[in-house]
Amino acid sequence: MFYNPYMDAIGTLKLLSGQMELEHAEESRAEPAKPACFTPKEQRAAFVHPAQLPNGKQIKLLKTLLSSACERDCFYCPFRAGRDFRRATFKPQEFAELFMKLHESNAAEGIFLSSGIAAGGANTQNKILDTGEILRKKLGFRGYMHLKIMPGAERGQVERLMQLADRVSINLEAPNTERLAKLAPNKVFIEELFRPLKWVEEIRQSQPAYKGWNGRWPSTVTQFVAGGADESDLELLTTTNWLMKNVRLKRAYFSAFHPIRDTPMENKAAVDPIREHRLYQASFLLRDYGFDLEDMPFAQDGNLPLPTDPKLAWAQQNLAGKPLEINMAYRQELLRIPGIGPKGADAILRARRTGKLRDLTALRKLGIVVARVAPFVLLDGRHADTQLAMF
Ligand code: SF4
């Protein structure tokens, strides 16, 4: 039997990619395309997640770490220092070459690259930078790259990263200093995590004419461990809202806490995944629908109700008995109606230029889910919900 270094590298990749379902990115499904098994073809598929890019394009995204060795000891993390499991590390050149083999065989089109921290955040950031530079400059990779900013990275490194990536991110994990102390007492919220997100925006603003590697600066996202620090949804959304308004955060990912064996939080109860879903819905209302934090239906404890979507809860409180006339409402008002998103609102505005919308059939032809809309609107002065029986 002869030695095959490629199969060795695939084995390393398998070790490094095993827990990546904890990282949410690019609307990738939590589970890989196929379960891990032992033929080379199927092994490759297990590392690659179907993912949707911000422009709507679907790609095969390789989500992995450069190293699963980490000197930090975040309480929730499977890679924390001292936890007993088999670790692995790629050198930048080795990883870049492996990725290009996967890319050339059409097994992976884009990459999401993070790492455990060894010998400091700046040192680890250099490894990610080296990998990105080899891929872009030596191997000519022109596809999608999402590269992580390491806690402890320097501003100059963040700028170099932005020159290589389509997206950069750093996980805040918690909404503020006090909450982070419960999750990762050795991470420094402002200096290590929050400040790099501000740097990204400062760099974008200081060089508006710079076009990045593909004609624009990369977008920025972050991730929170939802429920890990007993924080409220109000705390998470306050920080998210600030970042979206002040440093152009593209979106926040929320990963519902679930305990990992052999960590200090192994006995903490898992958070209901529906909470993650409600947080996403609320963050989209803040980002795309003109909602403010004060509009959110927070309960006394600062959490969103789990049974109801926040937009529906707002409409039940504010539009019940006061339906909006579809033919008169401003765009911002249309966006407040359950069942109408930005595309639907624009379709209604376009349709109104050619005549009145008089019934639910006209709305349905615009692609709108009329059952959700009907209780909250008038169509040419008539209650729409009386027409629902026709559908
Ligand atoms: S620094 Fe990152 S990889 Fe290391 S323990 Fe913390 S969360 Fe895990």
Side-chain angles (χ1 to χ4, degrees), residues 12-25 30 47 63-90 92 95 111-129 131 146-154 157-158 161 168-197 220-229 231 236 239 252-266 268 270-271 276:
T12 304
L13 187 57
K14 190 175 169 197
L15 283 175
L16 287 167
S17 307
Q19 305 268 5
M20 289 306 281
E21 75 276 4
L22 296 176
E23 283 278 358
H24 294 209
F47 318 131
K63 283 169 65 173
T64 193
L65 298 168
L66 206 51
S67 174
S68 55
C70 190
E71 64 200 16
R72 302 285 185 106
D73 58 356
C74 306
F75 287 168
Y76 54 87
C77 180
F79 306 114
R80 69 191 305 269
R83 187 164 178 266
D84 185 18
F85 73 102
R86 201 168 150 211
R87 301 187 189 244
T89 299
F90 273 122
F95 176 78
I111 186 168
F112 170 97
L113 187 62
S114 186
S115 184
I117 298 175
N123 175 62
T124 308
Q125 193 70 70
N126 275 336
K127 303 265 193 283
I128 291 182
L129 278 166
T131 309
H146 176 164
L147 300 176
K148 284 304 236 193
I149 300 170
M150 293 289 104
E154 294 161 4
Q157 293 179 309
V158 171
L161 203 69
V168 296
S169 64
I170 184 164
N171 292 357
L172 288 183
E173 316 293 11
N176 50 50
T177 299
E178 295 70 32
R179 296 299 181 180
L180 185 70
K182 291 185 156 197
L183 282 178
N186 292 314
K187 274 185 179 162
V188 188
F189 185 78
I190 297 293
E191 285 82 356
E192 287 192 323
L193 309 183
F194 199 78
R195 196 161 58 184
L197 289 173
T220 336
V221 298
T222 191
Q223 179 168 303
F224 297 101
V225 183
E231 78 293 336
L236 288 168
T239 303
Y253 290 93
F254 301 99
S255 179
F257 170 80
H258 73 91
I260 307 281
R261 184 187 47 77
D262 193 25
T263 64
M265 297 177 82
E266 66 181 347
K268 186 175 171 61
V271 167
E276 186 181 300

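Counting convention: from 1, in listed order, for ligands and their atoms alike. Nothing fancy with the numbering, it's 1 onward along the sequence.
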Novice: Of all the non-hydrogen atoms in the protein, which one sits nearest to atom 7 (S) of ligand 1, and at what distance?
Specialist: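 Looking only at protein heavy atoms, the one closest to atom 7 (S) of ligand 1 is Tyr76 OH, 3.4 Å.
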
Novice: Return the minimal non-hydrogen interatomic distance between Leu129 and Leu161, and the atom names on each side.
Specialist: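 Heavy-atom minimum between the residues: CD2-N, 3.4 Å.
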
Novice: Would you say that more than 12 heavy atoms from the other residues, nucleotides or ligands in this model lie under 6.0 Å from the NZ of Lys127, or not?
Specialist: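 No.
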
Novice: With rounding to the nearest 0.5 Å, note down the distance linking CZ in Phe85 to OG in Ser68.
Specialist: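 That separation rounds to 4.5 Å.
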
Novice: Out of the candidates Leu16, Thr64, Thr12, Leu65, only one should pair with Phe95 under the side-chain contact (heavy atoms from CB on, under 4.5 Å) rule; please name it.
Specialist: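 Running side-chain contact (heavy atoms from CB on, under 4.5 Å) over Leu16, Thr64, Thr12, Leu65 with Phe95 returns exactly one hit, Thr64.
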
Novice: Angle between ring planes, Phe224 versus Phe254, binned at 30° and 60°: parallel, tilted or perpendicular?
Specialist: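 Ring orientation, 0 to 90° scale: parallel.
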
Novice: Around atom 2 (Fe) of ligand 1, find the nearest protein heavy atom and jot down its residue, atom name and distance.
Specialist: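 Protein heavy atom at minimum distance: Lys187 NZ, 4.1 Å.
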
Novice: For atom 8 (Fe) of ligand 1, check which protein N, O or S atoms are under 2.8 Å away and list them.
Specialist: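 Under 2.8 Å from atom 8 (Fe) of ligand 1 - ignoring waters, which are not counted - the protein N, O or S atoms are Cys77 SG.
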
Novice: Is it true that Arg80 and Glu71 make a salt bridge, defined as a side-chain N closer than 4.0 Å to a carboxylate O?
Specialist: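 Answer for the salt bridge query: no.
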
Novice: Side chains of Gln223 and Ser255: closer than 4.5 Å at any heavy-atom pair?
Specialist: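 They are in side-chain contact.
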
